[in-house]
Number of protein chains: 2
Amino acid sequence: MPSPSQAPAAAHPPLQPQPTSLRASLHDRGQRLTPQRQRVLGLFEGLGEGRHLSAEEVHQRLLGAQARVSLATVYRTLRLLSSMGLLQELELPEGGRRFELAGDAHRDHHHLVCVRCGRTEEFENPQVLAAGEAAASGHGFRLVECVLNVRALCPGCIAND
Amino acid sequence: MPSPSQAPAAAHPPLQPQPTSLRASLHDRGQRLTPQRQRVLGLFEGLGEGRHLSAEEVHQRLLGAQARVSLATVYRTLRLLSSMGLLQELELPEGGRRFELAGDAHRDHHHLVCVRCGRTEEFENPQVLAAGEAAASGHGFRLVECVLNVRALCPGCIAND
DNA sequence: CCTTCTCAATAGGCCTTACTCTTGAGAAGC
DNA sequence: GCTTCTCAAGAGTAAGGCCTATTGAGAAGG
């Protein structure tokens, strides 16, 4: 068995959990998480800042990435993700319709969680994003998003200690 | 319905996912993840550095935290967690047996994951730990561990882009 | 040309069932 | 006194069934 930390040569690339929890968003609408939907969204997440793609481009890139997704599904998925607010539709005057990732806002969005009672606080910290950028570029990666999970004891549980 | 981000008044405190994935470790041994096991391990994680507890102390603290766990289960669980290497047994000359969290080593242990192909790299960065400490103390929390997940595109996928 | 629709085949995921690991209480061991 | 054992009740979770959302291929619409 090959090392689980390495990329497979080809075939079906493994899928990663989505940041916004695509799973949950779909679930709320009574819809299902499928490999195709994950791949389309993942494709946009992997793009550099502000880049947009047409349906045909999405289709071609997925085929190039060894992910067999039909064109009809690409169109359906783009429409779905747009209606969910995850993608934004652009109407370029010259070309046709294009899509880009919506809400590229909080790329560093962190959590402080009490290990005892579960209380959760959120915070932001640009230094964390900087550390993420450093680690990414240090390994030749291009950063998409970074999330810091701080496990801790909250004031109430410390008092109760 | 109360805010999900706040600690419940009492009763059964919610449980958090374990860092080392207690779930997986148990599963490999054909054993199950139970609230009692999570609570005992969580109790040790919430302790300050190098602190140790006797079985009776564990029992009392759990009762104090509104977690009804029988003494027999405390003993069984301490033995189990020790055999799994998550706790370490101390034989103090004066008192009786005591336990402490083993491998308090990597409290800042981070991941770089390719959103396209799933390739994963690990790295460490003391600045992240510092940011975690800052966030924790800023909110009155006491840090236990912090994990940074950097979602990115790996060199191979960038080339294939 | 670009996009949506049709429809049979596929598969995500909820639910139920069953198995056996765990727990709680108290007795027993050391 | 501290720790482990006994055993019936309880609960985690793997497996299988089922329902229906989703997909792929190609035709149809604009």
Side-chain angles (χ1 to χ4, degrees), chain A residues 12 14-15 17-18 21-41 43 52-63 66-84 87 89-99, chain B residues 12 14-15 17-18 21-41 43 52-63 66-84 87 89-99:
Chain A
H12 286 249
L15 297 167
Q18 299 297 332
S21 190
L22 176 58
R23 176 86 168 248
S25 304
L26 286 168
H27 188 270
D28 292 343
R29 303 169 47 125
Q31 297 178 304
R32 297 174 185 171
L33 179 63
T34 66
Q36 291 87 343
R37 288 169 181 176
Q38 289 187 75
R39 290 201 181 95
V40 171
L41 183 54
L43 178 60
H52 44 73
L53 298 175
S54 67
E56 186 56 38
E57 285 170 334
V58 170
H59 189 217
Q60 288 306 315
R61 291 198 180 220
L62 290 174
L63 293 181
Q66 313 300 322
R68 215 179 318 291
V69 178
S70 75
L71 184 57
T73 295
V74 168
Y75 276 105
R76 280 186 290 234
T77 302
L78 289 173
R79 187 145 39 99
L80 173 67
L81 295 177
S82 295
S83 75
M84 292 172 67
L87 291 184
E89 198 169 334
L90 302 179
E91 195 60 64
L92 296 190
E94 300 288 334
R97 286 191 303 168
R98 289 177 163 268
F99 297 82
Chain B
H12 286 251
L15 297 167
Q18 300 295 334
S21 190
L22 177 57
R23 175 87 168 247
S25 305
L26 286 167
H27 188 270
D28 291 342
R29 303 170 46 124
Q31 296 178 304
R32 297 173 185 174
L33 177 64
T34 67
Q36 291 87 345
R37 289 170 180 176
Q38 290 187 74
R39 289 201 182 93
V40 171
L41 182 54
L43 178 60
H52 44 73
L53 298 174
S54 68
E56 186 57 40
E57 285 170 333
V58 170
H59 190 217
Q60 289 304 315
R61 290 197 180 222
L62 289 174
L63 293 181
Q66 314 300 322
R68 215 179 319 291
V69 178
S70 75
L71 185 57
T73 295
V74 168
Y75 276 105
R76 282 186 288 233
T77 302
L78 290 174
R79 187 145 38 100
L80 173 66
L81 294 176
S82 295
S83 76
M84 292 173 67
L87 291 183
E89 198 169 336
L90 303 178
E91 196 61 64
L92 297 190
E94 300 287 334
R97 286 191 304 167
R98 290 178 161 267
F99 296 83

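A note on names: the letters A, B, ... follow the listed sequences, proteins ahead of strands, and every chain is numbered from 1. What you are looking at is a predicted structure, and each value in this text was computed from that prediction instead of being measured. Side chains are part of it too, since the values below use all heavy atoms of this structure and drop only hydrogens, waters and symmetry mates.
Note: R76(A) CZ to L71(A) CG = 10.0 Å, rounded to the nearest 0.5 Å. In this structure, CG in L62(A) is found 8.0 Å from CZ in R39(A), a value given to the nearest 0.5 Å. One distance of note links CZ of R37(A) with CE of M84(A); it measures 8.5 Å at 0.5 Å rounding. Residue Q36(A) holds its CD atom at 7.0 Å from OG1 of T77(A), rounded to the nearest 0.5 Å. Note that the NE2 atom of H59(B) and the CG atom of L53(B) stand 13.5 Å from one another [nearest 0.5 Å].
With sequence neighbours left out, the side-chain contact (heavy atoms from CB on, under 4.5 Å) criterion links S54(A) to E56(A), E57(A), R98(A). Every residue was checked against the side chain to side chain donor-acceptor pair (under 3.5 Å) condition with S82(B), not counting sequence neighbours, and none meets it. Scanning for side-chain contact (heavy atoms from CB on, under 4.5 Å) contacts around E89(B) gives R97(B), F99(B), with sequence neighbours left out.
Rounded to whole angstrom, the span from the CG atom of L22(A) across to the C1' atom of dT22(D) amounts to 14 Å. Atom pair L71(B):CG and dG1(D):C1' shows a separation of 11 Å (rounding to whole Å applied). Taking atom CZ on R98(B) and atom P on dC2(D), their separation rounds to 11 Å, with Å as the unit. Following rounding to the nearest Å, Y75(B) (OH) and dC2(D) (P) show an atom-to-atom distance of 7 Å.
Contact check, S70(A) against dT23(D): no side-chain N or O comes under 4.0 Å of OP1 or OP2.
Taking every nucleotide of DNA chain C with any atom under 4.0 Å from a non-hydrogen atom of chain A, the first and last of them, 5' to 3', are dC2(C) to dC14(C).
Residues T73(B) and V40(B) fail the side-chain proximity criterion, which asks for heavy atoms closer than 4.5 Å. V58(B) places none of its side-chain heavy atoms less than 4.5 Å from the side chain of V69(B). Looking at L80(A) and S83(A), their side chains come closer than 4.5 Å, going by heavy atoms from C-beta outward.
When each of A72(A) and L80(B) is assigned the nucleotide of DNA chain C bearing its nearest heavy atom, the one mapping closer to the 5' terminus is A72(A). Take the nearest nucleotide of DNA chain C for V74(B) and for R76(A): the residue whose nucleotide is more 5' is R76(A).
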**Asked** How does each nucleotide of nucleotides 8-20 of chain D score, in 5' to 3' order, for protein heavy atoms under 4.0 Å: base (B), sugar-phosphate only (S), or none (-)?
**Response** ---BBSS-----B
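Comparing the axis of the opening five pairs of the helix from dC1(C)-dG30(D) to dC30(C)-dG1(D) with that of the closing five pairs yields an angle of 50°, rounded to 10°.
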